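Please read these numbers as outputs of a predicted model, since none were measured by experiment.
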Amino acid sequence: MDPFALKTLNAERRARRAAILVTDLGDGRDRIVREGDQVAGELGAAIAKAFRSGNSGSVEAEGRTFFLNAYLPQPRLLVIGAVHISQALAPMAKIAGYPVEIVDPRTAFATADRFPDVALHAEWPEDILKRQPLDSYTALAAITHDPKIDDFALKAALDANCFYVGALGSRKTHAKRVERLLALGATADQIARIHAPIGLDIGAASPAEIAVAVLAQAIHAFRSRGLEAKDAVA
């Protein structure tokens with residue numbers, strides 16, 4: 001690998017940004033393509049697919065053979081609220097390959113007994129997010145149902161372009177939430193990205209069923225990244 005390409009790739013990985021090393025197998029030349037870079041034609045379509053799947057492999061494009069080595073940050077799930085849904089969601093997400101952290105300043109809820117083997121922060125979201133900023137490879141689920149706790153985290157997730165942002169509550173509850181987020185400086189387009197009521201509409205009733213719906217929705221959001229704009233054009 002070209003030393004400059006290696007240096008660039010390592011910098012992207014440290015910053016939790018996705019990149020693909022594109023190698024022309026005909027002449028051995030390689031280059032780094034960052035997520036969001038515009039690449040036209042068949043090669044561009046193959047690169048977009050690799051960014052969504054995270055899979056590496058060879059592709060044929062424009063009469064040449066390329067090897068795409070995909071480097072994607074591991075997606076993670078940040079849950080705001082140490083509640084019953086979180087207790088079911090944490091082990092499910094871990095099985096699916098999504099490291100989980102739970103934030104809740106209410107020390108009566110955020111206890112190791114209730115959340116064994118889970119990264120737990122009994123503090124306010126604004127404090128933990130100063131130390132551990134969100135990014136586009138983070139999913140955020142706000143499920144405390146308490147605006148004092150959820151709203152800051154939701155605004156931070158929108159600003160960080162998290163790949164998934166979900167919030168617990170009815171449509172009436174969400175309408176009031178929209179007013180608060182607008183007052184915090186969020187735009188209408190940003191707010192439209194929030195999945196509320198949270199989770200896929202599968203008729204979930206129990207905390208465990210809601211957790212299934214949330215995780216499925218987050219996985220779908222991750223695997224469909226970049227397709228929204230394409231669907232809108234179509």
Residue pair Asn161 / Ser136, side-chain donor-acceptor N/O under 3.5 Å
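There is no such pair (donor and acceptor under 3.5 Å, judged by atom type) between the side chains of Asn161 and Ser136.
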
With a 3.5 Å cut-off and no angle check, do the side chains of Gln217 and His220 form a donor-acceptor pair?
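Looking only at side-chain atoms, His220 and Gln217 do not form any donor-acceptor pair under 3.5 Å.
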
In Å, rounded to the nearest 0.5 Å, how long is the span from CD1 of Ile80 to CG of Asp146?
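The CD1 atom of Ile80 sits 12.0 Å away from the CG atom of Asp146.
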
Of all the heavy-atom pairs spanning [X] and [Y], show the shortest one and how long it is.
X      : Y      : value
Glu35  : Tyr137 : OE1-OH, 2.7 Å
Ala153 : Leu134 : O-CD1, 4.3 Å
Leu68  : Ala50  : CD1-CB, 4.3 Å
Ala167 : Ile194 : CB-CG2, 4.0 Å
Ser56  : Asn69  : OG-OD1, 3.3 Å
Lys94  : Val100 : N-CG2, 4.4 Å

With a 4.5 Å limit on heavy-atom distance, are the side chains of [X] and [Y] in contact?
X      : Y      : value
Ile210 : His84  : no
Leu154 : Leu140 : yes
Arg171 : Pro197 : yes
Leu77  : Leu89  : yes
Val83  : Arg106 : yes
Leu78  : Leu129 : yes
Gln190 : Val165 : no
Val214 : Met92  : no

Could I get the full list of side chain to side chain donor-acceptor pair (under 3.5 Å) partners for Asp27, not counting sequence neighbours?
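Counting only residues at least two positions away or on another chain, Asp27 forms a side chain to side chain donor-acceptor pair (under 3.5 Å) with Arg29.
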
Check: [Y] main-chain N/O paired with [X] side-chain donor or acceptor under 3.5 Å:
X      : Y      : result
Glu12  : Arg17  : no
Gln74  : Gly97  : yes
Ser86  : Gly81  : yes
Glu209 : Ala205 : yes
Arg31  : Leu21  : no

When the ring planes of His195 and Tyr164 are compared, do they come out parallel, tilted or perpendicular, using 30° and 60° as the limits?
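Judged by the thresholds at 30° and 60°, the geometry between His195 and Tyr164 is parallel.
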
List for me each residue that meets ring pair (Phe, Tyr, Trp, His ring centres under 6.0 Å) alongside Phe66, sequence neighbours excluded, and say none if there are none.
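With sequence neighbours excluded, Phe66 shows a ring pair (Phe, Tyr, Trp, His ring centres under 6.0 Å) to no residue whatsoever.
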
Taking ring pair (Phe, Tyr, Trp, His ring centres under 6.0 Å) as the definition, give me every residue that meets it alongside Phe51, ordered by chain and number, with sequence neighbours left out.
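Once residues adjacent in sequence are excluded, Phe51 has no partner under the ring pair (Phe, Tyr, Trp, His ring centres under 6.0 Å) criterion.
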
For Val178, enumerate each residue passing the side chain to side chain contact (heavy atoms under 4.5 Å, CB included) test, keeping only those at least two apart in sequence or located in another chain.
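Partners of Val178 by the side chain to side chain contact (heavy atoms under 4.5 Å, CB included) criterion, ordered by chain and then number, come out as His174, Leu182, Ile191.
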
Which residues satisfy the side chain to side chain contact (heavy atoms under 4.5 Å, CB included) test with Ala82, sequence neighbours excluded?
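Listed in chain order: Ile102, Asp104, Phe109, Ala110, Arg114, Phe115.
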
With a 4.0 Å cut-off on N to O distance, would you call Lys155 and Asp159 a salt bridge?
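Salt bridge present between Lys155 and Asp159.
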
Please output the side-chain donor-acceptor pairs of residues 118-127 that fall under 3.5 Å, not counting sequence neighbours, one pair per line with the distance.
unit_1: His121; atom_1: NE2; unit_2: Glu101; atom_2: OE1; d: 2.6
unit_1: Glu123; atom_1: OE1; unit_2: Arg131; atom_2: NH1; d: 3.1
unit_1: Glu123; atom_1: OE1; unit_2: Arg131; atom_2: NH2; d: 3.4
unit_1: Glu123; atom_1: OE2; unit_2: Arg131; atom_2: NH2; d: 2.9

